[in-house]
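What follows is a short report on a single structure.
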Amino acid sequence: MIRIATFAISCVAGFLCLAASALAHPHVFADARLEVDVAPDGNVTVMRHVWRFDEVFSSTVMLEFDSDTDNKMEVPELEQVASVVTESLAEFNYFQTILVSGESIDVKPVDDMKALFEDGQLIIFFTTHPVTPVNVNSSPSFGVYDPTFYTAIDFPDDSQMVLEGAPSSCSQKMVVPDPDEALAQNQATLTDAFFNDPQGTNWSKLLATRMEISCK
């Protein structure tokens with residue numbers, strides 16, 4: 001039993017190291033912008049997203065979806081890209097992380113995904129809406145993160161995270177976690193979570209670049 005327990009703990013430690021390693025080597029890169037809109041009652045009504053992908057990935061998309069091989073993306077081809085992206089992201093809650101008092105809130109299905117090409121780069125636009133009301137007075141946070149570690153979504157600076165319509169008593173800040181530090185600080189919790197549900201660990205809670213809102 002001791003040997004089995006030791007082996008299991010070693011596997012979990014290796015799993016955590018593998019996650020950190022994968023995180024350090026994403027294959028797709030995107031610069032992002034997030035706008036969080038607040039209604040007069042203090043509830044978040046919509047999150048607006050813009051992602052601009054790197055040229056290498058964009059060229060791959062062009063090659064895959066340019067059905068008439070004219071090196072241009074016509075409207076039907078862009079609509080197909082948007083449809084595929086929507087379907088792919090749905091499985092991962094559209095890379096959205098909404099936390100209220102440590103609890104995750106999902107978003108409704110996305111129905112307005114748009115895609116375009118500009119200067120050789122794929123850009124997508126879409127909005128998300130929380131499935132249950134999120135009030136800014138509850139000190140929520142809104143993040144974007146790929147839990148598969150395949151895509152690195154980066155906010156170049158805090159001006160790309162915008163809070164609109166919130167009371168003047170509210171403020172926001174952008175938080176960019178250090179992956180190694182986050183994993184080290186939460187290793188015990190993650191180990192327990194791995195034993196209880198190996199597929200259910202929500203890395204996004206720890207590693208998402210996020211907007212944290214605080215209202216006096």
Rounded to the nearest 0.5 Å, what's the gap from [atom1] on [X] to [atom2] on [Y]? Could you check?
{"X": "Lys108", "Y": "Thr132", "atom1": "NZ", "atom2": "OG1", "value": "9.5 Å"}
{"X": "Ser141", "Y": "Lys173", "atom1": "OG", "atom2": "NZ", "value": "11.0 Å"}
{"X": "His27", "Y": "Tyr150", "atom1": "NE2", "atom2": "OH", "value": "5.5 Å"}
{"X": "Asp157", "Y": "Met174", "atom1": "CG", "atom2": "CE", "value": "6.5 Å"}
{"X": "Gln172", "Y": "Ile213", "atom1": "CD", "atom2": "CD1", "value": "7.0 Å"}
{"X": "Glu64", "Y": "Glu77", "atom1": "CD", "atom2": "CD", "value": "11.5 Å"}

Does a donor on one side chain sit under 3.5 Å from an acceptor on the other, for Gln96 and Thr128?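 The criterion, which ignores hydrogens and geometry beyond distance, is satisfied for Thr128 and Gln96.
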
For the pair Tyr94 and Phe126, name the ring-plane relationship: parallel under 30°, tilted 30 to 60°, perpendicular over 60°.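 The arrangement is tilted - the two ring planes meet at 30° to 60°.
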
Is the ring pair Phe53/Phe57 parallel, tilted or perpendicular, if the boundaries are 30 and 60 degrees?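 Phe53 and Phe57: tilted rings.
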
Using the ring pair (Phe, Tyr, Trp, His ring centres under 6.0 Å) criterion, which residues pair with Phe92? Sequence neighbours excluded.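 So Phe92 forms no ring pair (Phe, Tyr, Trp, His ring centres under 6.0 Å) with any residue.
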
For a quick test of reading the model, state the closest non-hydrogen atom pair linking [X] to [Y] and the distance between them.
{"X": "Ser214", "Y": "Ser139", "answer": "CA-OG, 4.5 Å"}
{"X": "Pro26", "Y": "Thr151", "answer": "CB-C, 4.3 Å"}
{"X": "Gln121", "Y": "Asp54", "answer": "NE2-CA, 4.1 Å"}
{"X": "Thr97", "Y": "Ala208", "answer": "OG1-CB, 4.0 Å"}
{"X": "Ala32", "Y": "Pro156", "answer": "O-CD, 3.8 Å"}
{"X": "Val107", "Y": "Val131", "answer": "C-CG1, 3.5 Å"}

Taking Arg52 for the side chain and Arg33 for the main chain, is one N or O donor matched with an acceptor at less than 3.5 Å?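 Checking the backbone N and O of Arg33 against the side chain of Arg52, no donor-acceptor pair under 3.5 Å is found.
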
Is Thr60 reaching over with its side chain to a backbone N or O of Val56, donor-acceptor style, under 3.5 angstrom?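 Yes, Thr60 side chain to Val56 backbone: donor-acceptor pair under 3.5 Å.
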
Full working for side-chain contact (heavy atoms from CB on, under 4.5 Å) between Leu99 and Ile105: CA-CA 6 Å; Leu99 295 178; Ile105 296 178; over 6 Å; no

Could you check if a side-chain atom of [X] sits within less than 4.5 angstrom of a side-chain atom of [Y], using non-hydrogen atoms only?
{"X": "Ile124", "Y": "Met113", "answer": "yes"}
{"X": "Ser104", "Y": "Ile98", "answer": "no"}
{"X": "His49", "Y": "Thr127", "answer": "no"}
{"X": "Met161", "Y": "Glu212", "answer": "no"}

Test side-chain contact (heavy atoms from CB on, under 4.5 Å) on Phe95 and Leu89; report intermediate values, then the result. CA-CA 7 Å; Phe95 294 175; Leu89 293 181; 3.6 Å; yes

Validation: residues 39-47 side-chain donor-acceptor distances under 3.5 Å, sequence neighbours left out:
from, atom 1, to, atom 2, distance (Å)
Asp41, OD1, Asn43, N, 2.9
Asp41, OD2, Asn43, ND2, 3.3
Asn43, OD1, Asn135, ND2, 3.2
Thr45, OG1, Asp37, O, 3.4

What residues join Val50 in its hydrophobic cluster, counting side-chain heavy atom gaps under 4.5 Å, either direct or through other members?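 Reading the cluster by chain and number, Val50 sits alongside Leu116, Ile123, Phe125.
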
side-chain contact (heavy atoms from CB on, under 4.5 Å) between Leu78 and Phe65, intermediate numbers included: CA-CA 8 Å; Leu78 290 170; Phe65 290 90; over 6 Å; no

What I want to find out is whether Glu74 reaches Lys72 closely enough, with some N-O distance under 4.0 Å, to be called a salt bridge.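 No salt bridge links Glu74 with Lys72.
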
Electrostatic pair Lys114-Glu79, nearest N-O below 4.0 angstrom: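 Looking at Glu79 together with Lys114, the answer is no, because their closest N to O distance does not fall below 4.0 Å.
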
In a check of side-chain contact (heavy atoms from CB on, under 4.5 Å) between Met62 and each of Asn71, Val81, Thr69, which one passes?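 Single pass found, and it is Asn71.
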
Quick check: is Val176 connected to Val36 through a chain of hydrophobic side chains (ILVMFWY, heavy atoms under 4.5 Å apart)?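 Yes, one cluster joins them.
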
Would Val162 end up clustered with Ile153 when hydrophobic side chains under 4.5 Å apart are linked, directly or stepwise?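 Not linked; separate clusters.
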
After noting the C-alpha distance and the side-chain angles of Met73 and Asp66, does the key distance pass the side-chain contact (heavy atoms from CB on, under 4.5 Å) rule? CA-CA 6 Å; Met73 294 293 287; Asp66 181 18; 4.2 Å; yes

